[in-house]
Structures are given as structure tokens and as C-alpha cells.
Amino acid sequence: MARGSLFHLYTRKRTLSTFKALLFNNPHTSSSQFHTFHDPVRPLLTRSTFYPTFPQSLNLSVVRIISPRLFSASGDGEEKSGIGSIETDYDYDADFGKNVAFELGNEVNDDVFDSSEKGVVENQGSEESVTNMIDSVVSSCSIDELEDKSEECVQYMHVASRDPVELYRELCNAEKGMKLQRSENEVLLEVFDFFAKSGWASNQALAIYIGLSFFPTAVQKFQNFFRKKCSADVAKYLVSLGAGDDAARFLFPIFVEFCLENFPDEMKRFRSMVESADLTKPDTWFPFARAMKRKIIYHCGPTNSGKTYNALQRFMEAKKGIYCSPLRLLAMEVFDKVNANGVYCSLLTGQEKKRVPFSNHVACTVEMVSTQELYDVAIIDEIQMMSDPFRGYAWTRALLGLTADEIHVCGDPSVLEIVRKICQDTGDELYEQHYERFKPLVVEAKTLLGNLQNIRSGDCVVAFSRREIFEVKLAIEKQTKHRCCVIYGALPPETRRQQATLFNDQSNEYDVLVASDAVGMGLNLNIRRVIFNSLSKYNGDKIVPVPASQVKQIAGRAGRRGCIYPDGLTTTLHLDDLDYLIECLKQPFDDVKKVGLFPFYEQVELFAGQLPNMTFSQLLEKFGENCRLDGSYFLCRHDHIKKIANMLERIPGLSLEDRFNFCFAPVNVRDPKAMYHLHRFAETFSHKLPVNIAMGIPRGSAQNDQELLDLETRHQVLSMYMWLSNHFDKETFPYVKRAEVMASDIAELLGQSLIKANWKPESRNKGKPKTEKSEGQPELVTVKKEIGYSRPQSLFKLNKKRDDNSLQHSHSKKVAS
Ligand SMILES: Nc1ncnc2c1ncn2[C@@H]1O[C@H](COP(=O)(O)OP(=O)(O)OP(=O)(O)O)[C@@H](O)[C@H]1O
Ligand SMILES: [Mg+2]
């Protein structure tokens with residue numbers, strides 16, 4: 001018999017005895033020495049080291065068995081944070097032989113590790129698993145390795161097994177460390193260098209409130225201390241381990257002792273900072289809503305299935321209701337529709353407040369929702385936007401915080417599961433209503449064969465950039481008799497509606513629509529067929545494939561109930577994009593795992609109190625680094641907010657709250673003119689002077705693309721002014737009425753300009769977008785097409801080669817979106 005490897009076990013006290021029984025009843029093991037230590041970091045856990053005795057034939061490398069609560073668990077090849085991560089379906093056999101973390105039992109929640117419910121034996125730590133584990137370790141070591149390792153192991157076993165607290169005390173009491181050879185010193189330096197850079201160690205250090213930014217300094221000081229004081233055998237043991245995870249894991253508990261004694265203030269400060277960036281349990285942020293038992297009705301289904309229609313029926317019947325929209329445009333549509341039905345309804349968006357006398361109903365944009373006001377019925381439309389990386393927090397806030405007896409959420413099924421979970425947390429009752437499309441969606445397998453002359457009346461060509469939209473419009477109007485309306489995100493909602501009306505009206509020659517993904521939501525359009533000009537788009541950084549969920553949503557616009565066409569049709573301009581379209585439509589809806597959150601001003605203010613000398617942008621950065629979130633939530637992206645914050649840094653007279661509010665103003669951060677005006681507004685505001693619009697409007701409609709772009713920017717600036725006047729003191733933004741008139745004049749000019757637009761488009765950003773080339777994604781190349789413009793080549797032609805088998809080639813196929 002030989003002494004095998006060293007095992008470290010971190011576990012709850014209760015679990016320990018189960019584990020001991022389990023391991024030592026195993027035929028491979030016969031006896032062992034258990035050393036159990038008090039753990040300074042996690043007093044509730046027991047740290048044990050032990051040497052199981054194995055038959056001579058077993059070659060064990062060092063395996064560490066670590067409960068995930070304290071240290072990291074690696075299951076799917078990814079290192080996970082030690083705080084709160086658990087693996088439930090970890091395949092031991094696959095990973096043994098490596099130094100893997102191994103979990104025993106299950107975390108019930110952050111604080112409870114329940115071995116009796118789902119403990120060692122029934123779950124991962126089953127007898128079989130432990131046996132397998134030992135077998136696997138055995139079989140993964142070569143004889144040579146075994147000899148080297150066991151020699152070293154035996155030599156320094158006594159060091160490896162030592163209690164870190166004791167070891168640390170010894171280091172403290174030592175007069176002077178041993179002199180090492182130069183080569184040994186070099187290895188030791190490498191060991192510490194590895195430790196300082198170890199993601200694992202820096203992550204674990206968070207558990208004792210050593211922040212990521214302080215971690216390298218702490219390690220440096222620890223290193224100085226350690227090398228000055230350490231005894232020969234400890235140093236040699238580390239040298240024998242070399243730079244790597246083993247050494248890092250040996251050093252870490254000693255490092256913890258060092259930190260507890262040397263950096264109490266830093267740890268306290270970091271702890272307060274982390275606590276003030278606590279975004280866990282967001283359901284508790286809304287005590288008024290929690291005091292109610294709300295009824296949540298999830299209208300779940302694909303596009304064009306009547307979800308919003310049904311929810312609106314309840315809304316109109318109610319005494320008092322609120323409709324929360326993803327877009328100003330849709331809020332306006334509902335406002336008009338509900339008033340037309342004889343129910344007084346006001347409009348509230350960031351830019352406009354139209355108060356209708358005697359109204360008890362309001363149509364608002366989701367960002368404007370009040371969580372204080374009581375309603376009988378509320379609607380949150382397009383609920384799947386909870387997972388939007390930028391704006392998701394507004395939907396999450398509405399769902400958690402609305403004080404309404406009945407809340408109707410409408411959307412696709414992607415967030416159904418997470419809404420179920422949220423309702424469990426909030427104690428609300430959830431009812432689900434499932435819908436199917438009114439009209440089937442049919443894929444036309446023939447495509448347009450790359451030829452825009454195959455365009456027909458009622459077609460909507462979807463392109464994913466402004467430039468592409470105008471190029472397509474120009475080509476269609478040159479090559480065919482059709483005239484095109486256009487809809488894209490940078491157009492004011494009024495202009496988009498005007499273009500939609502023009503397209504829907506059968507009596508004029510504007511029978512084709514060329515649009516961006518902005519048609520995906522909110523407009524009532526009589527589209528016969530949706531044609532994708534391409535299926536890739538520029539995401540602000542690089543060209544990426546259009547996500548399947550978006551393709552489904554856009555394609556689903558074809559064949560709306562009540563329109564003259566019997567079916568909805570969809571296809572692509574080019575044959576080589578067709579397969580991807582079919583793939584996307586066939587794909588089930590994503591099952592969203594996390595939804596967005598963003599702190600309120602008050603939370604940011606509390607956090608700022610911990611870091612008084614930071615700029616707002618730095619604060620946001622720090623907040624992002626340190627905030628704590630529950631597993632179902634993510635912090636929404638705020639790069640654009642940071643950009644504005646950086647620009648406003650040069651204006652000294654703004655309070656933190658002013659900065660926070662200015663940062664949410666609707667501005668395209670990539671448009672320097674719009675950013676210039678925002679800066680000007682903020683600067684005048686900081687001097688407590690009335691803010692001028694200081695911008696005129698052109699007399700006539702645009703004659704070229706540059707003038708059209710200019711109109712778009714001017715409208716944006718006016719919209720920003722209106723927004724600011726609603727979010728700040730009205731007296732500081734006194735010219736809001738004028739801004740409204742000017743904005744409406746510009747929307748009109750834009751409409752007129754679009755009707756006659758027949759020029760080649762300019763680019764707002766002259767630089768050519770990067771193409772994406774990442775693992776698993778084919779590189780996109782740009783090819784010249786005969787219609788005189790370039791378009792990104794199909795992704796799917798490239799993809800197809802890889803997984804040809806998975807694609808089915810079929811003719812017209814009915815696919816529910
Ligand atoms: N029961 C109904 N009677 C008359 N019209 C209806 C009815 N249900 C839906 N509609 C009309 O059908 C169209 C699609 O309905 P609705 O907008 O509610 O669908 P949706 O599922 O919310 O789709 P979207 O994906 O656009 O949100 C609308 O024009 C709506 O007015
Ligand atoms: Mg809807």
C-alpha cells in the first residue's frame with residue numbers, strides 16, 4: 001500500500017461525515033488521516049486535508065475536492081466564481097485526471113448548503129462518482145509522472161497538509177527566511193507572478209472583500225512578506241509545485257490570513273462599496289407593488305396573433321389603465337386608437353405629455369411608467385424586451401414595480417419561464433394565454449433571384465442600414481415602375497407613421513416599402529411579402545448575422561389580420577440567404593435566462609458616497625465591476641451613457657443627479673452634431689440660465705442625402721430638447737412649445753423629402769465597418785452586385801458548407817413564425 005495524493009475538502013460539517021464514510025468504504029482506500037481545520041473565510045465550512053491510502057498500483061496526482069461555495073467549481077470547462085456557483089450536472093469522469101474542483105452536495109441558496117436534501121450520496125457525490133473519480137485519476141497518470149509526483153509529494157507532504165493559519169503564524173514569528181538558490185528564487189517569483197494573475201485567486205479574494213483592483217497590490221505585499229520569512233521546506237514545496245494552480249491553491253489560504261490581518265480597512269471599504277452596489281432581490285425595491293397581490297396575464301404568442309388587441313380590450317374596459325409601449329410610435333398609435341374608441345386616454349412619452357381632460361387612461365413609453373400611481377389594468381407590451389441588453393431594465397422595472405391589480409404582458413414566449421420565476425418571487429398570480437398567428441406565414445422558396453425587378457406591389461424589402469435602404473429604393477425606382485416608402489429608426493415617429501399610411505393606402509403609386517428592422521414593432525402595415533435584402537447587419541461595432549428572433553419578428557409582419565392578402569409571405573432577395581431564413585423561422589423562441597436591471601439614481605448616489613473623488617463615468621464603471629446581481633438578472637449595457645458622462649465631465653457645475661439625468665437623454669452618441677448640442681444644453685443648464693434651442697430649420701425639403709441627414713439630426717436635437725424640458729425644470733427649458741412646432745415642421749419636411757428622394761446615400765460614419773471574424777462565425781466579405789451597390793455576402797452560403805446535412809431544401813413551406 002502507498003500513500004496517495006493529498007485531498008483538500010471544503011464542506012459543511014454535516015456533509016463531511018457522509019463523505020468520510022463514502023470514501024473510506026471504497027475498495028480502493030483503506031485508511032487515512034484526516035486533518036480538519038477551522039476556516040477563517042467561511043466559518044460555516046470545515047476544511048480538511050487527508051491522505052487516503054491507496055494500493056500501490058494507483059497513481060494519484062493531486063486532486064482537490066472543494067465545495068463550490070468557497071472555491072470555484074469547474075464543470076463545463078469554464079472557471080466559475082466561487083461565490084455562489086454550483087454545478088448540478090457535472091461529469092466527473094470527463095474531467096478527472098486534471099486538477100478539478102469537485103462539489104459535494106447542493107447549495108439551496110446563498111447561505112444554505114443542504115446535504116440531507118440533495119446531498120452527497122444522492123447527487124453528485126454518489127458512491128459511484130467517488131469510485132469513478134478515483135479510477136479516473138488513477139488511469140490518467142503515467143508511471144513516470146507518478147514516480148516524480150509521489151517522490152515530491154512524500155517529501156513535502158508535511159508542508160502540504162499544514163494548517164494555513166498555523167503556517168501564517170509561523171511566518172509572522174520567523175525572524176528571517178531561508179536563503180534560497182538563485183534558480184529556486186526565480187521559480188518562486190514565477191509562482192507569485194502566476195498567483196497575482198490568477199483569475200481564480202482574484203475571484204476567490206472577492207469573498208473576503210479584496211477587490212479586483214486592490215488584489216495585485218495585496219499579492220505584492222504578501223509576496224514581500226512571504227519571501228522574507230518563509231522557511232526552506234515551505235519554499236521548496238512551492239518550488240516543487242512550480243507556477244500553477246496547485247501553488248496558487250496552496251498559497252491562497254495563507255494569503256487570506258495575511259489580508260485579514262494587514263488590510264482590514266481596505267476590506268471594510270470594499271465591503272461597503274460592494275454592499276452599496278447591491279442589485280440583488282430587485283423585487284424588494286417596490287414595496288407598494290409587494291403590498292398587493294397582482295394578477296399577471298401573459299399573452300404569449302408569435303407576431304400578428306392578437307396579443308395586444310386582446311390586452312387592449314381589458315385596458316379599455318377598466319376604470320383606470322396604463323399601457324406601456326416599447327416605442328413612442330406605438331404609444332401614439334394606442335393613444336389614437338383608444339381615444340377613437342371613446343375612452344379618454346392621455347399620452348406620456350419622454351418627449352411629450354398630452355393630457356386629455358377627464359382621462360383615467362394613459363399610453364406611455366415603458367421608461368416613463370410610474371410605480372407609485374395605482375391602476376386597475378396595466379399592459380406591458382413586447383415583454384420579451386426585458387432581455388434587451390440596453391433597455392431591458394425598463395421592462396423589468398415595470399413588471400416588478402407596477403401597482404396595478406391586473407397586469408397584461410404581451411410578447412413572444414422567450415421570457416415566459418423567467419416571468420414565471422419572477423411571479424414566484426413576488427407572490428403574484430400568473431395566468432397564461434397562448435396564441436397562434438391569424439394568417440399562416442409562407443416562405444417563398446423561389447426568392448427574387450437577386451433581381452429587384454421581381455418586386456411586386458405590397459412587398460416590403462428589409463435592409464439593415466440606412467445606406468442599404470436608400471440604395472435599394474433607388475434601384476427599385478430605377479428598374480421598375482414601383483415607388484417606395486421608407487421607414488428606419490432615425491426617422492421621427494410622425495414621419496414613420498406618415499410613410500406607413502402612404503404605403504397602406506391602396507390608391508397611390510407608393511406600393512413598396514423599404515425598411516429597416518424598425519418595422520418589426522408597432523406599425524400596422526399591409527404587407528403582402530417581407531423580402532430580406534440581406535441577413536446580416538452592422539451592430540455598431542461589426543457586421544453580424546441578424547439574430548433569429550429578430551428575423552422571425554420582422555418576417556411575421558407579413559399578412560396582418562384585416563389586410564387584403566390571404567397569407568403572409570416571406571423570402572430573400574438572394575437564393576443563398578434562403579436557407580438561413582428558413583432556419584430562423586424554424587427555430588423555437590430562445591429561452592431567456594436573464595433579464596436587464598439598471599440602478600436607480602438613489603442607488604448610484606449611495607454608491608458614489610463610497611467613492612467621493614470619482615467622475616460619474618468612473619463611478620458607472622466601478623458600479624459595473626462591483627455590483628451584485630441575482631442569477632436571473634444582468635446589468636444593462638451603459639456604454640452610451642458613459643460616453644455622454646465623459647463628454648459632460650468638462651462641465652463642472654452639474655450635480656450628480658443632473659449628470660445621471662442628462663445621460664439618459666435620447667441622443668445618437670455617434671452623431672457629433674447631436675452630441676455638440678447636448679453638451680451646449682448641459683453647459684447652459686449648469687449656469688442656471690434658460691437653455692436656447694439656437695438652431696433653425698431649413699426652408700424646404702432635402703435635395704440630397706446630406707440635407708436629409710441634417711434634417712434627421714435637427715429633429716433629434718429638438719426631440720432631445722423636449723425630453724430635457726420634461727425631465728428638468730420647465731423654466732430652464734422654456735422654449736419647449738417652439739421646439740414642438742419645429743419638430744413637427746421637420747417631420748413634415750422629412751416626409752416630403754422621402755417622397756422624392758432619389759439620390760445616392762451618404763454615410764453618417766464614413767469609416768467602413770469591420771467585418772466579424774470570430775470562432776464559429778464565417779468571415780463576411782463584401783461583394784459588388786450588378787445593381788450598383790455592395791452588400792454583405794450571405795453568411796449562410798459559408799455556413800452551409802459546414803452543416804449541409806442539417807438543412808432541408810423544400811419548396812414553399814408553411815412555417816409559423
Ligand atoms: N379579435 C380581433 N378582431 C379584430 N381585429 C383584431 C382582433 N385581434 C387582432 N386584431 C387585429 O389584428 C392585428 C394584429 O393584432 P395584434 O397587434 O394584437 O397582434 P400581436 O400579436 O400583438 O402582434 P405584434 O407582434 O405586432 O405585437 C391588429 O391590426 C389588430 O387590430
Ligand atoms: Mg402586439
Side-chain angles (χ1 to χ4, degrees), residues 5-16 19-20 32-51 62 64-72 82-83 101 113 153 156-178 188 191-192 195-196 198 200-210 214-215 218-238 240-241 245-268 270-271:
S5 305
L6 169 70
F7 282 76
H8 288 280
L9 170 68
Y10 280 86
T11 178
R12 290 265 160 168
K13 290 183 182 94
R14 270 192 298 164
T15 321
L16 182 64
F19 181 77
K20 263 170 136 176
S32 168
Q33 299 167 343
F34 249 89
H35 296 275
T36 303
F37 305 110
H38 167 71
D39 193 293
V41 188
R42 294 276 161 171
L44 292 176
L45 295 175
T46 306
R47 189 174 82 83
S48 318
T49 55
F50 57 97
Y51 310 97
V62 177
R64 291 191 162 86
I65 304 173
I66 299 167
S67 108
R69 186 66 196 128
L70 184 61
F71 291 127
S72 57
I83 311 168
F113 185 92
C153 258
Y156 300 113
M157 202 72 82
H158 63 288
V159 179
S161 65
R162 291 198 50 193
D163 177 10
V165 183
E166 209 178 85
L167 229 162
Y168 174 68
R169 282 285 134 237
E170 189 181 289
L171 288 171
C172 289
N173 297 335
E175 288 281 301
K176 223 172 163 208
M178 279 296 290
L188 211 55
V191 166
F192 276 97
F195 187 66
S198 157
W200 172 84
S202 56
N203 242 334
Q204 302 314 314
L206 290 172
I208 52 157
Y209 296 104
I210 295 293
F214 183 63
F215 180 75
V219 174
Q220 187 57 51
K221 294 198 169 166
F222 174 57
Q223 177 183 347
N224 295 345
F225 159 82
F226 192 97
R227 291 184 50 226
K228 229 185 259 163
K229 305 278 196 134
C230 106
S231 62
D233 55 349
V234 174
K236 282 183 195 304
Y237 174 61
L238 274 172
S240 78
L241 291 177
D245 288 338
D246 288 345
R249 283 166 206 253
F250 171 77
L251 281 175
F252 188 77
I254 310 169
F255 172 70
V256 168
E257 291 302 315
F258 177 78
C259 291
L260 290 172
E261 197 162 296
N262 289 277
F263 310 120
D265 293 343
E266 284 83 352
M267 287 159 76
K268 205 168 145 199
F270 185 67
R271 185 185 186 130

S.K.: Kindly give the heavy-atom pair with the smallest separation between A196 and V219, and that separation in Å.
M.R.: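 Heavy atoms only, the tightest pair is CB-CG1, 3.8 Å.
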S.K.: Distance check, rounded to the nearest 0.5 Å: E166 atom CD versus E257 atom CD?
M.R.: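 Answer rounded to 0.5 Å: 11.0 Å.
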S.K.: In terms of relative ring orientation, are F258 and F222 parallel, tilted or perpendicular, with 30° and 60° separating the classes?
M.R.: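 Rings of F258 and F222: tilted, 30 to 60°.
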S.K.: For the aromatic rings, using the six-membered ring if either is Trp, is the centroid distance between F215 and F270 under 6.0 Å?
M.R.: no
S.K.: State the OG-CG distance between S198 and N203, to the nearest 0.5 angstrom.
M.R.: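 If I round to the nearest 0.5 Å, the distance is 8.5 Å.
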S.K.: Using a 4.5 Å cut-off on heavy atoms from C-beta on, say whether the side chain of K221 contacts that of N262.
M.R.: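 N262 vs K221: side chains apart.
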S.K.: Just say parallel, tilted or perpendicular for the rings of F252 and F255, cut-offs at 30° and 60°.
M.R.: tilted
S.K.: Step by step, would you call C259 with Y209 a side chain to side chain contact (heavy atoms under 4.5 Å, CB included)?
M.R.: CA-CA 10 Å; C259 291; Y209 296 104; over 6 Å; no
S.K.: Give the C-alpha distance, both sets of side-chain angles, the deciding distance and a yes or no for side chain to side chain contact (heavy atoms under 4.5 Å, CB included) between L238 and F195.
M.R.: CA-CA 12 Å; L238 274 172; F195 187 66; over 6 Å; no
S.K.: Supply the atom-to-atom distance R227 CZ to L171 CG, rounded to the nearest 0.5 angstrom.
M.R.: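 Interatomic distance, R227 CZ to L171 CG, rounded to 0.5 Å: 13.5 Å.
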S.K.: To the nearest 0.5 Å, how far apart are CD in Q223 and SG in C230?
M.R.: 11.5 Å
S.K.: Sort out for me which residue in L260, I254, V256 forms a side-chain contact (heavy atoms from CB on, under 4.5 Å) with Y168.
M.R.: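 Answer after filtering L260, I254, V256: I254.
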S.K.: Using side-chain heavy atoms (C-beta onward) and a distance below 4.5 Å, is V191 in contact with F250?
M.R.: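 V191 vs F250: side chains apart.
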